[in-house]
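Remember, it's 1-based here, ligands and their atoms both numbered in the order they're listed. Every value quoted in this text rests on a predicted model; they were computed, and no experiment measured them.
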Amino acid sequence: MEQHARTDAYSDRYAARAAGMVPSEIRALFAMVARPEVVSLAGGAPYVSALPLDVVGDMIGELVATRGAEALQYGSAQGDAVLRERICEVMALEGVSASADDIVVTVGAQQALDLITKIFVDPGDVVLAEAPSYVGALGTFASYQADVVHVPLDEGGLIPGALSDTLDRLAREGRRVKFLYTVPTFQNPAGVTLTGARRAQVLEICARHDVLIIEDNPYGLLGFDGEPLRALRADDADRVIYLGSFSKTIASGLRVGWALAPHAVRAKLVLAAESAVLCHPSLSQLAVREYLTTQPWREQIKDFRELYRARRDAMLDALGALMPAGVTWTRPAGGFFVWVTLPEGLDAKAMAPRAIAERVAYVPGTGFYADGDGRRNLRLSYCFPEPDRIREGVRRLAGVIENEISMRDTFGGARPGPTRDGVHTPGPGIV
Ligand SMILES: Cc1ncc(COP(=O)(O)O)c(C=O)c1O
């Protein structure tokens, strides 16, 4: 912070909320991640090259040629009405029955998170989030000066007993909880999924404490086994605000997501969206609408699932074969991420520059906590590199960790690394 203040001549002019907007030190390292010799297991970018790009290109060209006056014009702040109908069909795959009128289209789920936090959170309000939690959500919560209280998760997702205890404690302290933010399915960063039994418990506990739930579900259709899981929203339309996205099922660059909210909340979200952007890009919305109307999108999602499953398998096989004893990791059944826990005495953040020197990159765990926890954790993503690159990246990482373990055993502790935590603005490269 001090360095920030010294180098920024405008620092005494900013609003208080800008104080929480600091770049991560890790971000500097990511400039090097783009080098071709580095295997990046850090970025969460979907593999959009798997789309039939020529077909999508023709489709968009045709759209502009035939309906350009609509596609290149302002639209409504709630979003295109036909697109919202299509979104209802997508959510039906997860058991959600919704009216298109209760949906607001957003610039990715990220903007939905921003608008929701804007309408619900005053500075100092408590927001509950899983430990660990999606870094982009933590950034949004910090920018609205929320007080994030973490609730632990395990292989079965958020732990209901811990949620209940946390809510009891906050009630005793007289602190108002504005909402629980959760990524129940194929979580970012932990790769875990809330079990069916726990889904019912989480809904019951939040109902008992009258707490809203923000269900962020960009990976729900990217499961590797069987049918999509039932969304939390499918079982409680009044308490759950559902956030969806086409970033992982179509293309992240189109920046089309949505929020499904109780009617009154949806009305506020539209007003908030209007003041933020007037309306969302018509061309992107119409491109998604056209894609969902004319293209075999269910088959394309199946292709994405197969592609990511092969990459997940490559990563898990390589971890099993190569990681030294004492390293543990989650086994995702969908989505993009594996969450690794290092042995006692190792520090993933301190290790990051040394890993990059060995030409492999990951995201240190501290970025996924609002409270500085996560030093022994790191996130690996398997969504973007080819399987052979994944295996090579894990091989390099295993070598780095082995080296850290022998340093620890020789010198009795983790070697120092960057110390300042400015974890909330990682940049789009590592979402
Ligand atoms: C859990 C989660 N929520 C939201 C987002 C943002 O997605 P979008 O591209 O729809 O803004 C991401 C992106 O990686 C994510 O992982």
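- No side-chain heavy atom of Leu243 sits less than 4.5 Å from a side-chain heavy atom of Asn217.
- Contact of the Met315 side chain with the Leu41 side chain is registered, since non-hydrogen atoms from C-beta on lie closer than 4.5 Å.
- Sorted by first then second residue, the ring-ring contact (aromatic ring centres under 6.0 Å, His included) pairs that include residues 111-166, not counting sequence neighbours, are Phe141-Phe179, Phe141-Tyr181, His150-Tyr369.
- Annotation: ring-ring contact (aromatic ring centres under 6.0 Å, His included) contacts involving residues 35-87, sequence neighbours excluded, comprise Tyr47-Phe384.
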Side-chain donor-acceptor pairs of residues 260-279 under 3.5 Å, sequence neighbours excluded:
unit_1: His263; atom_1: ND1; unit_2: Asp102; atom_2: OD1; d: 2.7
unit_1: Arg266; atom_1: NE; unit_2: Asp101; atom_2: O; d: 2.7
unit_1: Arg266; atom_1: NH2; unit_2: Asp101; atom_2: O; d: 3.2
unit_1: Arg266; atom_1: NH2; unit_2: Asp101; atom_2: OD1; d: 3.2
unit_1: Ser275; atom_1: OG; unit_2: Ala272; atom_2: O; d: 3.1

Need the list: ligand 1 N/O atoms against protein N/O atoms, distance under 3.5 Å, rounded to one decimal.
unit_1: ligand 1; atom_1: 3 (N); unit_2: Asp216; atom_2: OD1; d: 3.4
unit_1: ligand 1; atom_1: 3 (N); unit_2: Asp216; atom_2: OD2; d: 2.5
unit_1: ligand 1; atom_1: 9 (O); unit_2: Ser247; atom_2: OG; d: 2.6
unit_1: ligand 1; atom_1: 9 (O); unit_2: Arg255; atom_2: NH1; d: 2.7
unit_1: ligand 1; atom_1: 10 (O); unit_2: Ala109; atom_2: N; d: 2.7
unit_1: ligand 1; atom_1: 10 (O); unit_2: Ser245; atom_2: OG; d: 2.6
unit_1: ligand 1; atom_1: 10 (O); unit_2: Ser247; atom_2: OG; d: 3.3
unit_1: ligand 1; atom_1: 11 (O); unit_2: Ala109; atom_2: N; d: 3.2
unit_1: ligand 1; atom_1: 11 (O); unit_2: Gln110; atom_2: N; d: 3.0
unit_1: ligand 1; atom_1: 11 (O); unit_2: Arg255; atom_2: NH2; d: 2.8
unit_1: ligand 1; atom_1: 14 (O); unit_2: Tyr219; atom_2: OH; d: 3.4
unit_1: ligand 1; atom_1: 14 (O); unit_2: Lys248; atom_2: NZ; d: 2.7
unit_1: ligand 1; atom_1: 16 (O); unit_2: Asn188; atom_2: ND2; d: 2.8
unit_1: ligand 1; atom_1: 16 (O); unit_2: Tyr219; atom_2: OH; d: 2.6

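- Residues Thr106 and Leu113 are not in side-chain contact: their nearest non-hydrogen atoms beyond the backbone lie 4.5 Å or more apart.
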